[in-house]
Amino acid sequence: MKMTKICATALLTLTASISLSACVDREAITPMKEEPIVSTSDKTAKEKLTPTPNLGISSVSSALYDIKKSKPLYEENPQVVTPIASVTKLMTTYLVLQAIHDKTLSWDEKLSLEPLDDKAAISLYMTTSKKEWTVKDLYAAMIVMSANDAAEALGKRLSDDFPAKMNKEAKSMGLSNRSNFVSASGLDKDGKENVSVSKDLFLLASELITKFPEVLDMTSRASYVTSNDYTLKSTDALLANKEIDGLDGLKTGFTDGAGYCFVGTAERNGKRLISIVLKAKTTDARFQDTKKLMAYGFTN
């Protein structure tokens with residue numbers, strides 16, 4: 001009997017061993033579908049990837065955002081740092097409106113214009129031969145006709161070192177260190193240019209619109225009549241031609257280094273988009289690119 005038990009036990013042990021061995025062998029010869037090894041940096045890159053349909057955009061760098069979302073709806077060469085010319089005035093506009101709200105600046109206060117180093121730059125004084133203006137008229141001239149002397153006068157009024165104030169505010173907004181401001185107007189200063197990237201300009205534009213929505217009353221105007229009856233024409237041809245439904249801003253820019261730039265915004269049925277076009281070759285190209293971006297954004 002003892003021998004039978006031992007044999008039976010051995011048989012059971014052997015059977016289990018064979019069975020287990022068979023299971024292991026079957027699993028070994030059944031190829032498992034291996035997941036590709038993806039590094040953390042690759043995962044991050046994939047998460048940040050934005051669809052780039054062929055919209056025929058000609059500018060060097062461009063992007064499109066929904067103001068309520070941080071991820072772009074479209075972007076092309078977003079990492080490229082480019083000069084931004086008068087798009088810089090969006091930051092000056094923000095700081096002027098901030099000062100108005102803080103009551104450290106009033107619309108009725110009068111300021112004097114000073115000559116610009118660049119005689120070819122857009123100038124309110126050169127256009128009107130009038131040197132003294134209210135803050136409200138300078139604000140309008142800065143936004144509508146992109147008057148550089150108006151922006152510089154406002155910046156000087158707000159701070160003795162206005163570029164430092166601009167860069168401090170940029171940091172507070174969360175703009176990257178790839179953005180740098182050297183003048184209130186966007187003109188070059190001491191051989192340096194105002195520079196930025198598309199994501200930073202979206203952050204600036206969205207902060208401006210969200211905190212001071214009244215800015216759209218001025219950026220949406222194809223022309224503006226000053227308190228002393230001068231008519232200022234907008235540099236934004238899309239406003240005059242009404243080529244984009246819901247377009248109400250935002251700011252054009254041009255220098256030789258920056259090419260033609262435009263940060264646009266439009267709203268339809270409660271959906272607000274912000275487009276960024278940097279370093280287009282012609283003034284028409286920047287507006288054509290904007291129309292393509294807006295059409296894509298509102299359609300999709």
Side-chain angles (χ1 to χ4, degrees), residues 83-97 100 105 107-158 162 183-188 194 201 204-205 208-209 212 214-244 247-256 258-265 277 280 282-284 286-287 290:
I84 57 173
S86 284
V87 170
T88 297
K89 292 183 175 78
L90 291 178
M91 179 60 83
T92 305
T93 297
Y94 180 92
L95 291 169
V96 166
L97 290 173
I100 292 291
L105 183 68
W107 290 126
D108 296 331
E109 183 178 341
K110 291 188 176 181
L111 303 175
S112 293
L113 298 175
E114 295 183 1
L116 296 169
D117 293 334
D118 185 350
K119 303 303 179 184
I122 297 174
S123 163
L124 181 60
Y125 175 73
M126 293 299 291
T127 302
T128 63
S129 299
K130 182 175 172 58
K131 192 172 185 180
E132 191 174 75
W133 296 85
T134 64
V135 166
K136 184 63 178 286
D137 284 340
L138 291 175
Y139 166 78
M142 171 177 65
I143 292 174
V144 176
M145 70 173 286
S146 201
N148 295 290
D149 50 356
E152 292 295 336
L154 290 166
K156 185 177 179 180
R157 165 61 180 81
L158 294 179
F162 191 64
S183 70
S185 61
L187 294 176
D188 302 353
N194 298 269
L201 293 177
L204 171 56
L208 174 61
I209 293 169
F212 306 117
E214 65 268 28
V215 71
L216 296 170
D217 176 62
M218 191 61 71
T219 60
S220 63
R221 299 185 186 219
S223 64
Y224 177 84
V225 180
T226 67
S227 58
N228 44 17
D229 295 327
Y230 286 96
T231 299
L232 311 177
K233 298 289 186 181
S234 176
T235 56
D236 181 356
L238 294 173
L239 291 173
N241 300 333
K242 298 181 179 179
E243 295 183 54
I244 298 176
L247 185 84
D248 48 8
L250 204 52
K251 190 71 197 75
T252 61
F254 171 78
T255 61
D256 290 337
Y260 294 88
C261 312
F262 184 56
V263 175
T265 186
V277 171
T282 67
T283 186
D284 184 60
R286 66 180 167 186
F287 294 134
T290 300

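Values in this document were obtained by computation on a predicted structure and should not be read as measured data. Computed from heavy atoms alone, side chains included, the values below leave out hydrogens, waters and symmetry copies. Here, residue 1 is the first one in the sequence, and each next residue gets the next number.
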Please report the shortest heavy-atom distance between [X] and [Y], naming the atom on each side.
X    : Y    : result
A140 : L232 : C-CD1, 4.5 Å
S183 : T88  : O-CG2, 3.3 Å
A184 : G155 : CB-CA, 4.2 Å
N228 : K130 : ND2-CE, 2.6 Å
S112 : A153 : O-CB, 4.0 Å
G249 : L239 : N-CD2, 4.4 Å

Residue pair [X] / [Y], side-chain heavy-atom distance below 4.5 Å:
X    : Y    : result
K251 : C261 : no
L95  : L154 : no
K89  : N148 : yes
T235 : F254 : no
T93  : F212 : no
S185 : T92  : no
Y260 : D284 : no
I209 : L250 : yes

| Does atom NZ of K233 have more than 12 heavy-atom neighbours, drawn from other residues, nucleotides or ligands, at distances under 6.0 Å? |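 Not buried by this count: 12 neighbours or fewer within 6.0 Å.
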| task | Can you establish whether the number of heavy atoms outside E109 located under 6.0 Å from its atom CD is more than 12? | result |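 Yes.
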Treating [X] as the side-chain partner and [Y] as the backbone partner, does any N or O pair qualify as donor plus acceptor under 3.5 Å?
X    : Y    : answer
R221 : I143 : no
D149 : Y125 : yes
N194 : G186 : yes

| query | Could you state the interatomic distance from OH (Y224) to CE (M145), rounded to the nearest 0.5 Å? | reply |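 So the OH of Y224 and the CE of M145 are separated by 13.5 Å.
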| task | Would you give the length of the straight line joining atom CG of L124 to atom OG of S146, rounded to the nearest 0.5 angstrom? | result |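 Spacing of CG (L124) from OG (S146) equals 11.5 Å.
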| task | Ignoring hydrogens and angles, state whether a donor on the side chain of S227 or D137 is under 3.5 Å from an acceptor on the partner side chain. | result |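 There is such a pair between these side chains.
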| request: Please identify each residue that fulfils ring-ring contact (aromatic ring centres under 6.0 Å, His included) with Y230, with sequence neighbours left out. | output: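 Y230 satisfies ring-ring contact (aromatic ring centres under 6.0 Å, His included) with W133 only.
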| Partners passing side-chain hydrogen bond (donor to acceptor under 3.5 Å, both in side chains) against D117 (at least two apart in sequence or in another chain) |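 side-chain hydrogen bond (donor to acceptor under 3.5 Å, both in side chains) check on D117 returns nothing, list empty.
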| task | Evaluate the ring planes of Y139 and W107, with Trp represented by its six-membered ring, and classify them as parallel (under 30°), tilted (30 to 60°) or perpendicular (over 60°). | result |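 Judged by the thresholds at 30° and 60°, the geometry between Y139 and W107 is tilted.
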| Does the pair D188 and D118 meet the rule for a side chain to side chain contact (heavy atoms under 4.5 Å, CB included), with working shown? | CA-CA 9 Å; D188 302 353; D118 185 350; over 6 Å; no
| query | Among L247, T219, D248, which residue meets the side chain to side chain contact (heavy atoms under 4.5 Å, CB included) test with D236? | reply |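 The single option meeting the side chain to side chain contact (heavy atoms under 4.5 Å, CB included) with D236 is L247.
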